[in-house]
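Below, chains carry the letters A, B, ... as their sequence lines are ordered, and counting in each starts from 1. Note that the structure is a prediction, hence the values are computed from the model and not measured.
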2 protein chains.
Amino acid sequence: VRDETLWWEGDHLFLIDQTVLPARYETVECTTVERLAQAIRRLEVRGAPALGVAGAYGIALATRTCRNTHFPEFLAELQSQADLLRATRPTAVNLSWGIDRVMARVSRAGGVEEAREIALEEARLIAREDEETCRAIGAVGASLLPDPCTVLTHCNAGALACTRWGTALGVVRSAIAEGKEIQVIACETRPLLQGARLTAWELIRDGISVTVVPDSAAASLMRRNEIDVVLVGADRITEDALFNKIGTYSHAVTARYHEVPFYTAAPLSTFDPHRKEGEVTIEERGEEELRQCGERQIVPDGAAVFNPAFDATPLSLVTGIITERGVFFPPLEMARILSAQPPL
Amino acid sequence: VRDETLWWEGDHLFLIDQTVLPARYETVECTTVERLAQAIRRLEVRGAPALGVAGAYGIALATRTCRNTHFPEFLAELQSQADLLRATRPTAVNLSWGIDRVMARVSRAGGVEEAREIALEEARLIAREDEETCRAIGAVGASLLPDPCTVLTHCNAGALACTRWGTALGVVRSAIAEGKEIQVIACETRPLLQGARLTAWELIRDGISVTVVPDSAAASLMRRNEIDVVLVGADRITEDALFNKIGTYSHAVTARYHEVPFYTAAPLSTFDPHRKEGEVTIEERGEEELRQCGERQIVPDGAAVFNPAFDATPLSLVTGIITERGVFFPPLEMARILSAQPPL
């Protein structure tokens, strides 16, 4: 069992198949952008930072499968592969960010061979930076957690959402590394149960105490003073809103009501400071995620279902945004964030 | 397919098996209190008013299976069957209410044969009253709904939670019968999905428009002004709190935050006016409800789970309590409710 979520080996991209955890640990080998796109759509790999790394490696893959030898045509072919990859999930901004960062370097290459080298070099750098960023986020966020502390989290913003360490769960890991006593309440996160399946799996693997609860139990735990901090990841942060897994907004409202601090932990690559909430598409996923539970039919024929993958939380409900360059407190000084953002 | 949830036939109690809906419609025949207790524990029958009727019929069943012919000993045997039945679920008060109401009449009987007649007569009366009560609740509540109106509901407070018509969904049915245009958003209600499985099934059967959503999507629907009213049932209403399916409290907090009216609809038999929140036990159900999804393992070994069946919502968050004798507005004038309550 590797402790990375995705890695490059033998000129192919490998990733942990997150759809079969925790029952089975299996890996997926992606030899083409098409297979990677499928892995992203199926959520075999998911999580905003991991999607950034996957997008970057995807371009490295594409440089190996594009057939054109004439560089301008090669670049055009690469661009269409990039577009295919980018279209798989509309809400998380990191996917585009990883793709664009590699594409920007590749487009300045001297030819096809150099493009292949540069693409892989840049993708590897992004993967390495992702881990460093998570550790920096962890160090920044750890100081915000009291000792002892019970953290409520939603979905999976852990090692499995990144290459290693995690964003929200990276903060938990860093606080524990500093000697703090931290336990985690993981909301199971309907419909795909990433909290129950993935967050619990990776925390248990690291010996961190975790309790899985239905999403709907979070508010009553807050009322009973059993939650010290809510800590989630982010799929995109615009000037005015945090986009994250459906249910995040509910936790933000109930945290505000109970005066529980609500933090999001995310790399600066998650910021999309030039956009406002209304400009972002919220992905709706397939009805079968709600209609079926395994083989079992849950929703009767004739009933409609609504299955948004994300919701938007106004930043006014966010206590602080934990990044690799410090904590930002809304309302955001976007100029400051932009100046902190690493250049493409 | 019967339109009753439970009924007496051939000296036995029959009920719709609510664990296999919506995939299959099956009935359970209870010939003993033990089998009925199992049905209640397994949630083959559930819902506070239905549990009241089931408790009543349970005593009728017991009068038929108790072997003692000497009346005082017969009554003692009956009492131990009543205790067994009452212990199946601690939170919903109606179960005890139904049991106690039949026991009170039976204990004044002249002998075993008369006790058998009286028990069945009283249980049948309770079942008939349950439907009348639901229709009265519906008439009272219908006037509170705007036209058109989108109602968000949680779990199942419908015909399947009563003998017929329903409490919260009875209000929806009565409003539609008055010509109002009502659509329902049914929260799926983890972990046992009574909203997706039961609420959607019975509304579709009646041609009422229903959309199933994850529990965690309710708050963001409120933020988008897509919910006009939240309307839920009740398992117990004390002087200070509404006990209902886990997740109810979260909806109450987010409804208050978005200034959406939050109503509960319940017969007076659901009131427990002499108790306060802290005196009521919240049932915790089996871990397997969260650990498994069908055959599939969801929560990894080593992770804890917390699976409370109910939560408590302070009545200060409840806009109004819709009963068969009108709407009560918290803070409750308990004296008025007590005087409205039908005598045991």
Contact part of [X] toward chain A, heavy-atom cut-off under 4.5 Å: side chain, backbone, both or neither?
X	answer
L198(B)	neither
A312(B)	both
L317(B)	side chain
I204(B)	side chain

Contact leader toward chain B among [options], where contacts are heavy-atom pairs under 4.5 Å:
options	value
A196(A), P300(A), S250(A), A23(A)	P300(A)
P22(A), C187(A), G195(A)	P22(A)
P314(A), A252(A), P191(A)	P314(A)
P308(A), S209(A), G247(A)	G247(A)
I208(A), T313(A), I246(A)	I246(A)

Item to check | Crowding at CD, E181(A) (>12 non-hydrogen neighbours, <6.0 Å) | outcome: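 No, because the 6.0 Å sphere around CD of E181(A) holds 12 heavy atoms or fewer from other groups.
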Next on the checklist: I'd like to know if R224(A) and E277(B) make a salt bridge, using a cut-off of under 4.0 Å between side-chain N and carboxylate O.
Outcome noted: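 Looking at R224(A) and E277(B), the cut-off is not met.
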Checklist entry - Under 4.5 Å, heavy atom to heavy atom, which residues of residues 281-296 of chain B contact chain A? => result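 Contacts with chain A: L290(B), C293(B), R296(B).
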Item to check | Residue-level interface, residues 210-220 of chain B with chain A, non-hydrogen cut-off under 4.5 Å | outcome: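 Interface residues of residues 210-220 of chain B: V210(B), T211(B), V212(B), V213(B), P214(B), D215(B), S216(B), A217(B), A219(B), S220(B).
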Checklist entry - Are H258(A) and Y257(B) close enough that their ring centers fall under 6.0 Å? => result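 Between H258(A) and Y257(B), the centre distance exceeds or equals 6.0 Å.
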Checklist entry - So do L221(A) and F306(B) actually touch side chain to side chain, heavy atoms under 4.5 Å? => result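 Yes - at least one pair of side-chain heavy atoms lies under 4.5 Å apart.
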Checklist entry - Rounded to the nearest 0.5 Å, how far does CD of E188(A) lie from CZ of R190(B)? => result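 If we round to the nearest 0.5 Å, R190(B):CZ and E188(A):CD are 4.0 Å apart.
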